Amino acid sequence: MSEKHNGAHGHKGVLETDPDLPPTAIDAAVADAEDRRWTPAKIALWLGIALLGGIAWIMLAIVRGETVNAIWFVFAAVSTYFIAYRFYSKFIERKLLQPDDRRATPAEYKADGKDYVATDRRVLYGHHFAAIAGAGPLVGPVLAAQMGYLPGTLWIIVGVILAGAVQDYLVMFFSMRRGGRSLGQMAREELGVIGGTAALLATLTIMIIIVAILALVVVNALGESPWGVFSVSMTIPIALFMGVYLRFLRPGKVTEVSLIGFALLMLAIVAGGWIAETEWGVALFTLDRVTIAWGIIIYGFIAAVLPVWLLLAPRDYLSTFMKIGTIVLLAVAIIITRPEISVPAISEFAATGTGPVVPGPLFPFLFVTIACGALSGFHALISSGTTPKLIEKERQARFIGYGGMLMESFVAIMALVAALSIDRGIYFAMNSSAAATGGTVEGAVAFVNGLGLTGVNLTPDALTSLAGNVGEESIVSRTGGAPTLAVGIAQIMQGLFGGGGAMAFWYHFAIMFEALFILTAVDAGTRVARFMLQDSIGNFIPRFRDTSWRVGAWLCTAIMVAGWGAILIMGVTDPLGGINTLFPLFGIANQLLAAIALAVCMAICAKKGAFKYLWIPALPLAFAAVVTISASFLKIFSPVPAIGYWAQHNAFKDALAAGEESFGNAPTVEAMEKVVTNTFIQGTLSIVFVTLAIIVIITAILATIRAYRNGGGDETEDAPVPSRIYAPAGLIPTPPEKELEAQWNALGPAKRPARSGH
Amino acid sequence: MNTGTALGRARDAARGVAWFFKGVMGENAYAAYLEHHEASHCSEPPMTERQFWRDRTDRQDANPEGRCC
């Protein structure tokens with residue numbers, strides 16, 4: 001390993017500190033000594049955390065009483081996060097990444113006051129968290145709850161510390177060392193043309209499927225719900241008003257306008273309840289799912305071609321506001337109300353794979369059902385590009401990248417707890433497809449009680465009274481996870497605040513909360529996909545590169561919207577239920593993106609010459625690759641029709657050929673033909689994803705082997721520039737950090753260097 | 001005296017929360033821009049607040065960023 005590959009020690013001459021300034025980094029030996037200084041208080045603290053976590057895990061995994069209290073989930077998660085953050089992420093920092101605070105970050109050496117701005121680490125943590133956490137961690141855990149509480153909990157917590165947070169941290173660090181380059185650019189640089197192109201194509205197709213399935217979640221939550229349709233559609237005029245307010249009336253008053261928007265949003269939720277009680281309201285706002293899907297498609301197109309200031313920016317403010325507020329509120333509510341959970345640790349469906357919510361056995365389908373919260377490839381797009389341009393000091397990447405993902409994981413744990421706190425019979429009645437329950441209370445009761453689950457005895461009364469309490473016509477087959485989570489949140493919030501009609505309010509509050517994220521993601525995803533498409537077409541027709549060219553922009557937006565819109569309509573009209581057949585594709589797509597990101601990280605580590613610690617990215621890469629490739633192969637090759645798309649396709653095709661007029665869950669020839677088409681599309685998408693991912697992984701392995709033979713590879717980092725600012729690395733400064741910070745604060749304003757270069 | 005310090009602390013805490021919240025929402029972007037502009041000793045006058053926010057959303061139009069799922 002040559003000296004130049006080792007960033008921490010290789011730039012002694014270049015990174016000389018200005019003699020007029022205090023040091024820009026804690027001396028490595030001092031920082032090391034601080035890490036190894038174990039005072040009795042520190043030992044007691046960490047022993048306490050370890051003990052609490054240990055007890056919580058014993059309560060969850062071994063004691064498994066009749067019921068288990070939700071507080072143990074919180075303790076198990078938080079203690080494990082602390083230990084992983086303190087020890088494992090520190091290990092990665094020390095051995096693999098070796099950040100050097102004497103080196104300026106892009107926020108310092110490229111500072112422009114706009115995109116590259118050195119941002120306080122605590123603010124950036126909140127900012128980064130708001131950018132990575134969306135509806136994903138709220139939906140996956142709900143669907144995976146059918147396997148019992150333990151598999152989901154274990155995967156969310158173990159997955160995040162060894163895979164998800166590692167991916168986010170590595171991608172963020174490598175992008176930061178490369179001036180904030182995007183994952184796509186890094187893939188092209190590290191993996192060459194073939195790997196880079198495959199990564200780009202994979203990202204584009206994955207974006208389409210993710211937008212489609214998120215939109216499907218919203219459609220399922222709003223179908224036949226006049227209250228939901230009214231309040232969610234009111235977010236559009238509210239956002240337009242906020243946009244105009246910020247543009248023309250009071251520019252920059254973001255908090256003020258968010259508060260106004262939030263108040264209007266609450267009013268929209270309450271007014272939805274009034275309107276759902278009037279005859280004209282019900283007549284006007286009760287829409288079937290196909291209509292809502294078309295509404296979202298039209299909305300998606302218009303939103304993506306409107307200027308950002310009018311709709312996207314205000315929507316973003318609103319959703320950040322709601323996100324932070326609701327997540328804090330939910331955490332407080334769970335800790336105070338501590339619901340008892342009576343779901344078994346591991347349910348019968350974990351082994352049999354015959355669960356009605358999403359089909360397939362625990363391996364590999366648990367790991368693709370829960371993607372966000374444990375390992376989310378999509379984060380690699382945020383962790384590269386946006387956040388690295390704002391990091392103040394290199395050593396802060398651990399807190400923001402690794403720590404930020406731990407917070408998202410905690411959101412997933414809370415979503416799991418909320419879903420588990422619901423009565424199990426109601427859970428299955430809500431999450432089994434209409435093809436299974438017939439969409440009626442009687443059908444749902446017969447189906448759920450027929451599943452033969454111990455301790456589950458669903459009554460029609462339970463379903464109708466809960467529907468009444470949450471202000472909905474029916475809660476049978478409200479698939480997609482969002483309504484189930486909303487019921488869970490409503491129960492927990494009502495436990496906290498009480499009040500008779502409160503449950504209906506909280507239910508629609510939770511639906512609004514999720515719909516808001518998803519619609520923002522739909523808009524932003526369409527825009528990003530459109531730019532990627534324009535860039536790709538631009539290789540052949542240069543005119544398309546010009547993103548301000550209206551015709552090109554509209555055309556590419558229309559193509560992208562048609563792409564996800566077709567999958568959305570397919571999901572909505574799918575005779576087999578939609579979400580249960582499509583959701584695995586969402587998880588697989590997301591994890592394939594994670595595999596791509598980790599493969600790029602592995603190649604970078606190899607080129608740095610860090611072979612001894614190559615397992616840090618290679619371990620989660622191997623796991624993600626095995627999970628996604630085997631899940632894809634099952635989806636492609638499984639002979640079980642419920643699991644394999646092509647098995648299903650052939651079964652329906654054969655039935656049609658045999659002249660049958662109904663088959664399985666499809667009652668008509670038309671429905672049977674639809675299944676044949678849908679499974680064809682789903683099967684083809686599976687093949688495309690897995691092929692692209694395999695290409696990327698193979699090129700990454702080849703790049704790694706080549707680097708190993710040469711003992712390293714080309715340096716792709718930006719040239720080091722000495723830093724002229726200082727800030728502590730973690731949330732709470734250590735004593736030496738405090739001392740150094742005081743030295744910097746003592747500098748007169750005249751002597752203090754600009755926080756930014758130029 | 002004691003109540004005075006307690007009140008002072010509460011005020012500091014409230015200020016801290018407001019600072020954090022505004023930071024996360026992105027409200028202090030213009031202040032950061034002004035700080036940068038002043039420090040960089042640029043000869044051109046800085047953008048006004050209105051210009052800055054327009055420029056910011058226009059740049060977002062040209063460089064879209066994804067949101068996570």
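In what follows, every chain begins at residue 1, and chains take the letters A, B, ... in the order their sequences are listed. Small disclaimer: the values here were computed from a predicted structure and weren't measured.
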### Query
What's the verdict on side-chain contact (heavy atoms from CB on, under 4.5 Å) for A:K114 and B:D55, showing C-alpha distance, side-chain angles and the deciding distance?
CA-CA 9 Å; A:K114 297 171 184 172; B:D55 173 68; 3.6 Å; yes

### Query
Which bit of A:F378 is near chain B, if near means a heavy-atom gap under 4.5 Å: side chain, backbone, both or neither?
both

### Query
After noting the C-alpha distance and the side-chain angles of B:R59 and A:V308, does the key distance pass the side-chain contact (heavy atoms from CB on, under 4.5 Å) rule?
CA-CA 9 Å; B:R59 272 181 299 116; A:V308 166; over 6 Å; no

### Task
Heavy-atom distances under 4.5 Å only: say whether A:A131 touches chain B with side chain, backbone, both or neither.
backbone

### Task
Examine whether an atom of B:N28 lies under 4.5 Å from a heavy atom of chain A, and if so say whether it belongs to the side chain, the backbone or both; otherwise answer neither.
neither

Please tabulate, for the side chains in residues 316-325 of chain A, all donor-acceptor contacts under 3.5 angstrom to protein atoms that are two or more places apart in sequence or on a different chain.
| residue | atom | partner | partner atom | Å |
| --- | --- | --- | --- | --- |
| A:D316 | OD1 | B:R67 | NE | 3.0 |
| A:D316 | OD2 | B:R67 | NE | 3.1 |
| A:D316 | OD2 | B:R67 | NH2 | 2.5 |
| A:T320 | OG1 | A:D316 | O | 2.8 |
| A:K323 | NZ | A:A130 | O | 2.7 |
| A:K323 | NZ | A:A133 | O | 2.7 |

### Query
Any side-chain heavy atom of A:K253 sitting closer than 4.5 Å to one from B:E49?
yes

### Query
Side chain, backbone, both or neither: which part of A:L381 has an atom under 4.5 Å from a heavy atom of chain B?
neither

### Query
Would you say B:W53 and A:V254 make side-chain contact, with heavy atoms under 4.5 Å?
yes

### Query
Which atoms of A:L249 come close to chain B, meaning under 4.5 Å heavy atom to heavy atom: side chain ones, backbone ones, both, or neither?
backbone

### Task
For atom CD of B:E38, decide whether the heavy atoms of other residues, nucleotides or ligands shown that lie under 6.0 angstrom number more than 12.
no

### Query
Who among A:T547, A:V117, A:I132 has the most heavy-atom pairs with chain B under 4.5 Å?
A:I132

### Task
Against chain B, label A:S258 side chain, backbone, both or neither, depending on which of its atoms sit under 4.5 Å from a heavy atom there.
side chain

## Note on the structure
Whatever's closer than 4.5 Å to a heavy atom in chain B on A:L310 counts as neither

### Message
Can you tell me which portion of A:F248 sits under 4.5 Å from chain B's heavy atoms? Options are side chain, backbone, both or neither.
### Response
both

### Query
How far does CH2 of A:W309 sit from CG of B:D58, to the nearest 0.5 angstrom?
10.0 Å

Under 3.5 Å donor-acceptor pairs involving side-chain atoms of residues 7-26 of chain B, not counting sequence neighbours:
none

### Summary
In terms of heavy-atom pairs under 4.5 Å with chain B, the winner among A:T255, A:V211, A:L246 is A:T255

